[in-house]
*Asks:* 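Take this structure first; my questions come after.
Here the structure is a predicted model, which means the values were calculated and not measured. Just so you know, residue 1 is the first one in the sequence shown, and it goes up from there.
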Amino acid sequence: MRRFSWLLLGGVLLPFAAGAQPIEGLYVSGGAGANLLMNQPLTPSPALGALGGGNLQYNAGAAFEGSVGYGFGNGFRLELEGDEMMNSLSARAGALLPSTVSGSTQDYGFMANALFDLDIGSRYVFPYFGVGLGYQWTNFGNLRVTTPAAGSDFTGNGTAGSLAGQGIVGLAFPVPHVPGLSITTEYRFLGLIGPEHFGATLGPIGAAGHAIGTQEVSDNLNQMFMVGLRYAFSVKPPPITPAAASPPPAAPAPAPARTYLVFFDWDRADLSDRARQIIAEAAANAAHIAETRITVNGYTDRSGSAHANQALSLRRANAVAAELVRDGVAKDMITIKGFGETHPLVATAAGVREPQNRRVEIIIGNAAEDAKKPQT
């Protein structure tokens, strides 16, 4: 029966060995639940008389376990477990005779477990399974079987130990917003590998019994259904990804530079009515441009000497700048330059009077943009 139980458990678990939900590092766990202690056959003994061998039968009891383990990050875990199971005697200890019973057993010990976590593609549940090997003790606490038909009172006391093995199947449910913490549910099948012995007495009902030697229990098989918590210390909260910063609003494109041309009569620097209209228009447009910078460049044609033409170009530029100031432009916004007969609009030979070369250029542009331009 015992071998069949272990083979059945292994056959159920092996198909689930798929991917792993890795725990890496130290963890602790604990659980509590119900324990079903299966019938314990008493080895037949002549000392039992009419009781024969019979079974010790138990009520459902409580089970507790606590473990410390280490995960290797690939699904495999090793842990050391301490456990305790308690069950009270429930039925008769005789093959056919009605009896009244009392007393309990307490199983406790330690197990070394090897487990494997599974990844089934869900972040909400992770199955796992494992096996364990260890040592368990059983304390038979004043077991008493009173059988009126036989007129006998049977008692048993003592503590026995044996090697033990177990199989574990469980589900882990990670707790949201608490990294490393999981709720676990488990089924455990734990059996002692060897028989156990305890001392017994037998006597008439109501009288002192006499020792009948050591009694042998051939099976100690436990089925546990447990709920618990597991905490892995190495699990860290996911990094907080900062929200992508919105790019700063693009600076408005600087207004393109605008150029106004004012023309002069030969060898003159005074302004005509048309010239004043053009200058007034330039001043009005400059008022609508932020960080405005105004450059006033004066030119002449190629008649006359270069020295005289240089002076004439400055007089013309100053005349236009003064008119801009009268039209409301701040004086410190204006840069005045004279280029004489250089940079003609129309190329001519020396000494030629060309009206289009007798001019002043008013250049209105953004100061930041102008600062990027090479100086002429």
*Asks:* If you take all heavy atoms of A282 and Y260, which pair is closest and at what distance?
*Replies:*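 Here A282 and Y260 meet closest at CB-CD1, 3.6 Å.
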*Asks:* Are M38 and Y187 in one and the same hydrophobic cluster, where Ile, Leu, Val, Met, Phe, Trp and Tyr link if side-chain heavy atoms are under 4.5 Å apart?
*Replies:*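 Result: yes, single cluster for both.
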*Asks:* Taking atom CG of L133 and atom CD1 of I193, what is their separation to the nearest 0.5 Å?
*Replies:*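 It comes to 5.5 Å.
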*Asks:* Judged by atom type as modelled, is there a donor-acceptor pair below 3.5 Å linking the side chain of N157 to the main-chain atoms of N142?
*Replies:*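 Yes; judged by distance alone, with no hydrogens or angles, the pair exists.
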*Asks:* Looking only at heavy atoms, what is the nearest atom pair of A172 and R230, with distance?
*Replies:*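 Closest approach of A172 to R230, heavy atoms only: CB-NH2, 3.5 Å.
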*Asks:* Are N220 and L37 close enough that some pair of their side-chain heavy atoms sits under 4.5 Å apart?
*Replies:*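 SC-SC contact between N220 and L37 confirmed.
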*Asks:* My understanding is that only one of N35, N59, T105 makes a side chain to side chain donor-acceptor pair (under 3.5 Å) with N87; could you say which?
*Replies:*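 That would be N35; it is the only one of N35, N59, T105 passing the side chain to side chain donor-acceptor pair (under 3.5 Å) with N87.
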*Asks:* Could you tell me if the side chain of L312 sits less than 4.5 Å from the side chain of D267, heavy atoms only?
*Replies:*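 Yes, their side chains come closer than 4.5 Å.
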*Asks:* Side chains of R302 and V352: does their closest heavy-atom pair fall under 4.5 Å?
*Replies:*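 In short, these two side chains do not touch, never coming nearer than 4.5 Å.
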*Asks:* Between L171 and F126, is a side chain to side chain contact (heavy atoms under 4.5 Å, CB included) present by the stated rule, with each step listed?
*Replies:* CA-CA 6 Å; L171 295 173; F126 295 92; over 6 Å; no
*Asks:* Would V227 end up clustered with F64 when hydrophobic side chains under 4.5 Å apart are linked, directly or stepwise?
*Replies:*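 No; F64 is not reachable from V227 via cluster members.
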*Asks:* By the definition side chain to side chain donor-acceptor pair (under 3.5 Å), identify the one residue from D107, D83, N222 that meets it with Q136.
*Replies:*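 The residue from D107, D83, N222 that satisfies side chain to side chain donor-acceptor pair (under 3.5 Å) with Q136 turns out to be D83.
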*Asks:* If you look at every heavy atom in T348 and N357, which pair is closest and at what distance?
*Replies:*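 Shortest heavy-atom contact: CG2-ND2, 4.2 Å.
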*Asks:* Any idea how Y70 and F72 line up, ring-wise: parallel (<30°), tilted (30 to 60°), or perpendicular (>60°)?
*Replies:*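 Because their plane-to-plane angle is over 60°, the rings of Y70 and F72 count as perpendicular.
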*Asks:* Do P355 and F263 have side-chain heavy atoms sitting under 4.5 Å apart?
*Replies:*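 Not touching, per the 4.5 Å side-chain cut-off.
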*Asks:* Do you know which two heavy atoms are closest between D117 and Y128, and how far apart they sit?
*Replies:*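 Where D117 meets Y128 most closely, the heavy atoms are OD1-CB, 3.2 Å.
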*Asks:* To the nearest 0.5 Å, what is the distance between CG on N297 and CG on L314?
*Replies:*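 One finds 10.0 Å between CG of N297 and CG of L314.
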*Asks:* Just by modelled atom types, is the G194 backbone N or O under 3.5 Å from a matching donor or acceptor in the S162 side chain?
*Replies:*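 Side chain of S162 to backbone of G194: a pair is present.
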*Asks:* State, yes or no, whether a side-chain contact exists between E81 and S29 at a heavy-atom distance under 4.5 Å.
*Replies:*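 No; the side chains remain at least 4.5 Å from each other.
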*Asks:* I'd like to know whether T335 forms a side chain to side chain contact (heavy atoms under 4.5 Å, CB included) with I363, so could you lay out the CA-CA distance, the side-chain angles of the two residues, the decisive distance to 0.1 Å, and finally the verdict.
*Replies:* CA-CA 10 Å; T335 300; I363 303 172; over 6 Å; no
*Asks:* Can you list the steps and then say if L229 with I183 is a side chain to side chain contact (heavy atoms under 4.5 Å, CB included)?
*Replies:* CA-CA 5 Å; L229 293 174; I183 298 172; 3.8 Å; yes
*Asks:* Taking a hydrophobic cluster as the set of Ile, Leu, Val, Met, Phe, Trp and Tyr residues connected by side-chain heavy atoms closer than 4.5 Å, whether directly or through intermediates, do L261 and F339 fall within one such cluster?
*Replies:*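 Shared cluster, no.
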*Asks:* Going by heavy atoms in the side chains, are F189 and V169 under 4.5 Å from each other?
*Replies:*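 Answer no - side chains too far apart.
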*Asks:* When rounded to the nearest 0.5 angstrom, what is the spacing between CZ in R316 and CG in D270?
*Replies:*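 Interatomic distance, R316 CZ to D270 CG, rounded to 0.5 Å: 9.5 Å.
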*Asks:* Is a side-chain donor-acceptor pair under 3.5 Å present for Q40 with E196?
*Replies:*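 Side chains of E196 and Q40: no pair found under 3.5 Å.
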*Asks:* With distance as the sole criterion, is a donor-acceptor pair present between the side chains of E65 and S67 under 3.5 Å?
*Replies:*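 S67 and E65 do have a side-chain donor-acceptor pair below 3.5 Å.
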*Asks:* For a quick test of reading the model, state the closest non-hydrogen atom pair linking Q166 to M224 and the distance between them.
*Replies:*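 Result for this residue pair: OE1-CE, 4.5 Å.
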*Asks:* Test side chain to side chain contact (heavy atoms under 4.5 Å, CB included) on F173 and Y124; report intermediate values, then the result.
*Replies:* CA-CA 6 Å; F173 304 90; Y124 302 106; 5.9 Å; no
*Asks:* Within 45° of the axis and under 6.0 Å from the centre of the six-membered ring of F264, does NZ or CZ of R358 qualify?
*Replies:*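 That pair does not qualify as a cation-pi contact.
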*Asks:* Give a yes or no on whether L345 and W266 share a hydrophobic cluster (residues Ile, Leu, Val, Met, Phe, Trp, Tyr; joining criterion: side-chain heavy atoms under 4.5 Å apart).
*Replies:*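 L345 and W266: separate clusters.
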*Asks:* In Å, rounded to the nearest 0.5 Å, how long is the span from CZ of R293 to CE of M333?
*Replies:*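 So the CZ of R293 and the CE of M333 are separated by 11.0 Å.
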*Asks:* Determine the interplanar angle of the H343 and Y299 rings, folded into 0 to 90°, and report it as parallel if under 30°, tilted if 30 to 60°, perpendicular if over 60°.
*Replies:*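 Aromatic pair H343/Y299 classed perpendicular.
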*Asks:* With a 3.5 Å distance limit and no angle check, can you tell me whether Q310 reaches the backbone of G338 through a side-chain donor-acceptor pair?
*Replies:*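 Checked: pair present.
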*Asks:* Enter the distance from I362:CD1 to N285:CG here, rounded to the nearest 0.5 Å.
*Replies:*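 CG of N285 is found 10.5 Å from CD1 of I362.
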*Asks:* Do L26 and V68 touch side chain to side chain, with heavy atoms closer than 4.5 Å?
*Replies:*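 Touching, per the 4.5 Å side-chain cut-off.
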*Asks:* When clusters are formed by joining ILVMFWY residues with side-chain heavy atoms under 4.5 Å apart, either directly or through shared neighbours, do I279 and I336 land in the same one?
*Replies:*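 Yes, because I279 and I336 connect within a single hydrophobic cluster, where side-chain heavy atoms sit under 4.5 Å apart.
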*Asks:* For residues V360 and I278, determine if any side-chain heavy atom of one lies less than 4.5 Å from a side-chain heavy atom of the other.
*Replies:*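 They are not in contact (no side-chain heavy atoms under 4.5 Å apart), so the answer is no.
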*Asks:* Do you know the tightest heavy-atom contact between A269 and R315?
*Replies:*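 It is CB-CB, 4.0 Å.
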*Asks:* Quick one: does R276's side chain have a donor or acceptor within less than 3.5 Å of a partner on E323's backbone?
*Replies:*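 Answer holds: no.
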*Asks:* With rounding to the nearest 0.5 angstrom, report the CD to CD distance, E341 to E354.
*Replies:*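 So the gap between those two atoms works out to 13.5 Å.
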